[in-house]
Amino acid sequence: MRVVIVTESFPPEVNGVAHSVLRTAEHLLRRGHQPLVVTPAPARGAQSPSHTFGAGPAMADLPVVRVPSVPLPGYPQVRIALPSRRLAAAIRGHRPDLVHLASPFVLGARGAQVATRLGLPVVAVYQTDLAGYAHAYRAGRGLGEAAAWHRIRSVHGLASRTLAPSTPAAQDLTAHGVARVQLWPRGVDSARFHPRHRDEALHRALAPGGEVLVGYVGRLAPEKRVDLLARTSALPGVRVVIIGDGPSAPGLKAAMPGAVFLGRRTGEELARCFATLDVFVHTGPLETFCQTIQEAMASGVPVVGPAAGGPLDLVAHHRTGLLVPPRDGAAVARAVTALAEDAELRAAYGRAGRAEVTARTWEAVGDMLLRHYAEVLAEHHGATTATASTPEPVAVPVPVPVPAAVPVPVAVPAAVPVPGSVQAGAPRADTTGRNGLHAVQETADAAGSAAGTRAHATRDAAGTPVTEELTA
């Protein structure tokens, strides 16, 4: 099978989208398929260690097309793709059976349009809560949840199937009018993230007074609400360690002078940090999945997370960890206190969490994705055959109402959801208008016009796509 993966993020960037795309491409190669990745070009000089995501040697055979990009204003770590002929040329040149959109926003939206023009089936993977981010950033130029949901419906409306990573995310999509939603969770490398990597010497270095080590791993950005750890960092007998970087780092360091900030960690060093924690806390209320919770569980570490979004599918309350009301720093501190005072409870939650995720391998999740691909291709070919054999079909409109909201429970089954149709969940209230969200797109469009970029894709003797980066 030939697949083009159009993604808004890819290594050397380090985030959930880049991670899952790399794992997906790796799995496709190992199963004998032919993926091509199209992604915004990273910042000049950006580099990432080859072990960042644990990719195998097969990744050397992965062709990647980098589209010119600019940094997102106010958040330069995020790259926005500029308009370029490179995307359409890459898709046409690869002759795919299917186009996979990873967290589509700017580049993914253009990829959906190209695929539609070419008559190709599209699988769109929802990974980023754009509506929640719009609310969190309050850009002040009309950027709001209503605009984000309009964008999501527009892009995912072109997809043959939308894959959501968790039950709450799928419910949110369906409640806001996105059709053809099914579940596709994420895997975890339980060999890399393992309790055996716990390092007592590192623990003594980070908590020299024997404090309980409480850690956060992830981006330091407004939507992650790492500031909610301020009360926890003031607890006696607790040392907070924060792993990651981002635009919120200076403010967080000022707000939590007693915390240890390690910056970004990757590979084996990250696995060692995870396993050395006594408690893992994730504070972000906008996670559609939350991969770091799975990595903490695989490392045998009890988890405290918000009772919202992806963590509802991952954390079994009072069995593998504790769920707390989102955006409530006092509740986080109380949960940490309960775990800090009971080493046996921490150990029990850690063992249960590890047992919960060991079967959630990337191989199993990758094969689940291949089944989604096969079903979409079968539906697409069936529709094409039906159209060809019936010259004058009579369209019978069938209304598809958005089902009524279904409350999301605080505690959910811990098992990985099986892909299937999703009913609606409680919708997030739409608030402000559309101008600010469109301004991001317009900024990229204007910059692209000024750059005058052009590119084309060719194919070498072995049939592998070869891209050439050209500027006018």
Side-chain angles (χ1 to χ4, degrees), residues 8-9 11-19 42-43 46-49 52-53 71-80 103 127-130 132-139 206 213-235 238-267 269-274 276-277 279-296 299 301 303-306 308-311 324 326-329 332-333 336:
E8 306 290 342
S9 183
E13 294 182 25
V14 178
N15 55 57
V17 175
H19 185 192
Q47 295 181 349
S48 177
T52 295
F53 297 104
L72 180 66
Y75 199 159
Q77 292 91 341
V78 176
R79 307 292 299 186
I80 301 297
S103 195
Q127 288 183 252
T128 304
D129 184 357
L130 294 174
Y133 278 34
H135 181 75
Y137 278 88
R138 300 183 183 278
L206 295 174
L213 202 57
V214 177
Y216 164 88
V217 178
R219 290 198 311 277
L220 307 186
E223 73 276 6
K224 299 300 184 182
R225 294 304 312 270
V226 185
D227 59 291
L228 294 175
L229 285 172
R231 291 196 184 193
T232 299
S233 69
L235 293 173
V238 168
R239 176 60 57 89
V240 169
V241 57
I242 294 175
I243 303 167
D245 57 17
S248 296
L252 292 170
K253 290 177 180 178
M256 292 183 280
V260 178
F261 288 79
L262 294 182
R264 174 177 147 184
R265 294 290 186 270
T266 61
E269 188 178 18
L270 176 61
R272 185 164 60 102
C273 288
F274 260 116
T276 303
L277 298 176
V279 178
F280 176 80
V281 178
H282 189 83
T283 49
L286 304 177
E287 301 299 324
T288 61
F289 187 73
C290 199
Q291 183 65 15
T292 54
I293 282 182
Q294 281 206 138
E295 291 167 349
S299 302
V301 178
V303 171
V304 174
V324 299
R327 302 178 179 87
D328 189 338
V332 171
V336 168

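Treat the numbers as computed from the prediction; the structure is a model and nothing was measured.
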Is it true that a side-chain atom of T283 and a backbone atom of K224 form a donor plus acceptor pair closer than 3.5 Å? yes

Check: Q127 main-chain N/O paired with T288 side-chain donor or acceptor under 3.5 Å: yes

Does the side chain of T232 reach to within under 4.5 Å of the side chain of V281, using non-hydrogen atoms? no

All heavy atoms of P257 vs all of A254, minimum pair found to be CD-O, 3.7 Å

Pair F289, Q294 - check side chain to side chain contact (heavy atoms under 4.5 Å, CB included), show working. CA-CA 9 Å; F289 187 73; Q294 281 206 138; 3.5 Å; yes

Applying side chain to side chain contact (heavy atoms under 4.5 Å, CB included), run through T292 and Y216 and close with a yes or a no. CA-CA 9 Å; T292 54; Y216 164 88; over 6 Å; no

Can you spot which of L213, I242, I243, L206 makes a side chain to side chain contact (heavy atoms under 4.5 Å, CB included) with V260? L206

Output for pair (L286 CG, R327 CZ), nearest 0.5 Å, gives 5.5 Å

Nearest atoms (heavy-atom pairs only) where A18 meets E13: CB-O, 3.5 Å

For residues L235 and A333, report the shortest heavy-atom separation together with the two atoms involved. CD1-O, 3.7 Å

Locate the shortest heavy-atom distance separating S233 from V240; write the atom from each residue and the value. CA-CG2, 3.6 Å

Give a yes or no on this: more than 12 heavy atoms of other residues, nucleotides or ligands lie within 6.0 Å of atom CZ of R231. no

Going by atom types alone, do H282 and E287 pair a side-chain donor with an acceptor below 3.5 Å? yes

Would you name the heavy atoms of C273 and L262 that are closest together and state the gap between them? SG-CD1, 4.2 Å

Between V214 and L277 the two heavy atoms that sit nearest each other are C-CD2, 4.4 Å

Quick one: do V217 and L270 satisfy side chain to side chain contact (heavy atoms under 4.5 Å, CB included)? Show the steps, please. CA-CA 9 Å; V217 178; L270 176 61; 3.9 Å; yes

